[in-house]
Amino acid sequence: MDTTNPLAVPPASTALVTGATSGIGFSVGRALAGLGWTVLVHGRSAERAGEAAARMGDVPGGLIPVDADLETRSGVRRLIDQVHRAAPDGLGVLVNNAGAAFDRRGLTADGVERTVAVNHLAAAGLAHGLESILKPIGGQRHSLPRLIMMTSYLEARARPIEDWALPGEWTQMRAYASSKLANLAYTYALAERWRDRIEVYAVDPGAVRTGFQRSAGGPLHLIGLLGAPLMTSPERPARTVVATATRPAHSSGSYIRAVRAVDTGRPKLSSARSRDRAYQRDVYDATQRFLSG
Ligand SMILES: NC(=O)c1ccc[n+]([C@@H]2O[C@H](COP(=O)([O-])OP(=O)(O)OC[C@H]3O[C@@H](n4cnc5c(N)ncnc54)[C@H](OP(=O)(O)O)[C@@H]3O)[C@@H](O)[C@H]2O)c1
């Protein structure tokens, strides 16, 4: 890619977008395919993924539905296997977008609290399991492959997780915020470890009008209903994700806040806890232990 010419068209590549059946993920998948990328459209089931790819319509790029429920390690492994088969030449970009919140505490088959399982452990598992097939975009050495993690400004309200099962006092907001804090710390740890090989970004979409709050139920549903008029459409943060995927304007390891005026978003300082190196190491080590279990 000609990095000196801002009008040069970035080369198309292949991207996996998780949670591409609705909201921000759907907009990201459709926009990347509109630019000629091959997009692996992930959904919880084959039906949902196929239906989302069909809704993306007639786009110049390719659309390949892939499916897995991301609550468990076996689901994550299932998706990794499919991606290896569907993208034999590798992936240029992994967008870890799938996310959830729940109105009551529940454990997965792996014995992990569900919010933490989907928002952090699945995203980490995919990053870990797909690292080997993240390949330079356009085959050029200066266009490194990219990992984009969808984060949330709510990470700043979180308490650090001490046990993946989140025993003790549980609230929807606490589980959600803590899962995003752990994931952000892990993202920074990956940026450090993958330096000069794979670019790593965290994108905070802001408050977005999607089905997220409704599916979450509980207090988040109410916040979604009351706050809807103030929220942005999913297309806006999708533009920031697409800009980061195709022509990143910020350095690897950045926390990028989607903003109204600038598609590339603005880099921002996340919480002090998320930037604490010792905490990042602890989260990274505990996550790797879980993934290898
Ligand atoms: N909306 C906001 O205000 C906001 C703010 C900050 C951060 N975020 C983050 O942005 C990301 C996208 O959210 P969104 O607002 O676009 O919400 P959304 O429309 O509800 O999309 C979430 C996606 O994740 C998928 N997903 C959830 N649990 C899954 C599971 N166990 N297995 C497989 N797929 C699963 C959903 O699939 P199904 O359709 O099958 O459920 C859906 O495709 C999330 O990571 C969220 O935490 C959102």
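Note that ligands are numbered from 1 as they come in the structure, with each ligand's atoms numbered from 1 the same way.
R55 forms a cation-pi arrangement with F26, by the criterion of a distance under 6.0 Å to the ring centre and an angle within 45° of the ring axis. Cation-pi contact between R275 and Y188: absent, since separation from the ring centre below 6.0 Å together with deviation from the ring axis within 45° is not met. In this structure, R289 is not positioned above the aromatic face of Y284 in the sense of NZ or CZ being under 6.0 Å from the six-membered ring centre and within 45° of the axis.
For L70, heavy-atom contacts with ligand 1 shorter than 4.0 Å involve the backbone as well as the side chain. Neither the backbone nor the side chain of M231 has any atom closer than 4.0 Å to an atom of ligand 1 (non-hydrogen atoms only). In T151, the part holding a heavy atom less than 4.0 Å from any atom of ligand 1 is the backbone. In H42, the part holding a heavy atom less than 4.0 Å from any atom of ligand 1 is the side chain.
Scanning the protein for heavy atoms near atom 41 (O) of ligand 1, the closest one is R44 NH2, 2.9 Å. Here the protein heavy atom with the shortest distance to atom 38 (P) of ligand 1 is R48 NH2, 3.5 Å. What sits closest to atom 22 (C) of ligand 1 on the protein, heavy atoms only, is G99 O, 3.7 Å. Protein heavy atom in closest approach to atom 9 (C) of ligand 1: M150 CG, 3.7 Å. Residue, atom and distance of the protein heavy atom nearest to atom 1 (N) of ligand 1 are V208 O, 3.2 Å. From the protein, the heavy atom lying nearest to atom 12 (C) of ligand 1 is N97 OD1, 3.1 Å. Here the heavy atom of the protein found nearest to atom 16 (O) of ligand 1 is I24 N, 2.8 Å. For atom 25 (C) of ligand 1, the closest heavy atom belonging to the protein is G19 CA, 3.8 Å.
Side chain of D263 to main chain of R239: no donor-acceptor pair is present (N/O by atom type, distance under 3.5 Å, no hydrogens or angles). Within the 3.5 Å criterion, the main-chain N or O of W170 finds no donor-acceptor partner in the side chain of R105. A distance-only check finds a donor-acceptor pair linking the side chain of R146 to the backbone of A245 [under 3.5 Å].
Hydrophobic cluster membership differs between V66 and M56, with clusters built from Ile, Leu, Val, Met, Phe, Trp and Tyr side chains linked at under 4.5 angstrom. No continuous path of hydrophobic side-chain contacts links L16 to W37 [ILVMFWY only; heavy atoms under 4.5 Å]. If you chain together hydrophobic residues whose side chains sit under 4.5 Å apart, L166 and V112 fall into the same group.
In summary, the side chains of E155 and Y153 do not present any donor paired with an acceptor at a separation below 3.5 Å, with no hydrogens or angles considered. A donor atom on one side chain and an acceptor atom on the other are not found under 3.5 Å apart for W194 and E199.
Not a single heavy atom of N96 sits under 4.0 Å from any atom of ligand 1. The closest approach between a heavy atom of P205 and any atom of ligand 1 is below 4.0 Å. Using 4.0 Å as the threshold, R114 has no heavy atom nearer than that to any atom of ligand 1. Contact between Y176 and ligand 1 is present, with at least one heavy atom of the residue lying under 4.0 Å from the ligand. Ligand 1 has at least one atom lying under 4.0 Å from a heavy atom of K180. Heavy-atom separations between A207 and ligand 1 include at least one value shorter than 4.0 Å.
Those atoms of ligand 1 with a heavy atom of G23 less than 4.0 angstrom away are 16 (O), 19 (O). With ligand atoms numbered from 1 in the order given, ligand 1 contributes 1 (N), 2 (C), 3 (O) to contacts under 4.0 Å with heavy atoms of Q213. Atoms of ligand 1 found under 4.0 Å from any heavy atom of S22, numbered from 1 in the order shown, are 18 (P), 19 (O), 21 (O), 42 (C), 43 (O). The E71 neighbourhood of ligand 1 comprises atoms 31 (N), with distances under 4.0 Å to a heavy atom of that residue. Set against the non-hydrogen atoms of V118, the atoms of ligand 1 under 4.0 Å away are 28 (N), 31 (N). Atom numbering of ligand 1 starts at 1 in the shown order; those under 4.0 Å from a heavy atom of S152 are 6 (C), 7 (C). Using a 4.0 Å cut-off to heavy atoms of G206, the atoms of ligand 1 that qualify are 3 (O), 4 (C), 5 (C), 6 (C). Counting the atoms of ligand 1 from 1 in the order shown, those under 4.0 Å from a heavy atom of A68 are 32 (N), 33 (C).
Judged as a side chain to side chain donor-acceptor pair (under 3.5 Å), and not counting sequence neighbours, the contacts of S179 are N119.
Considering all non-hydrogen atoms of both residues, A49 and G43 come closest at CB-N, 3.6 Å.
Around the CD atom of E162, the shell of radius 6.0 Å holds no more than 12 heavy atoms that belong to other residues, nucleotides or ligands.
Of the listed residues (R257, R266, K180), just one forms a salt bridge (Lys or Arg N to Asp or Glu O under 4.0 Å) with D204, and that residue is R257.
Relative to atom 37 (O) of ligand 1, the option among T21, T18, V17 with the closest non-hydrogen atom is T21.
Between W164 and H120, the angle of the ring planes lies from 30° to 60°, which puts this pair in the tilted group.
At least one N/O-N/O distance between D69 and ligand 1 falls below 3.5 Å.
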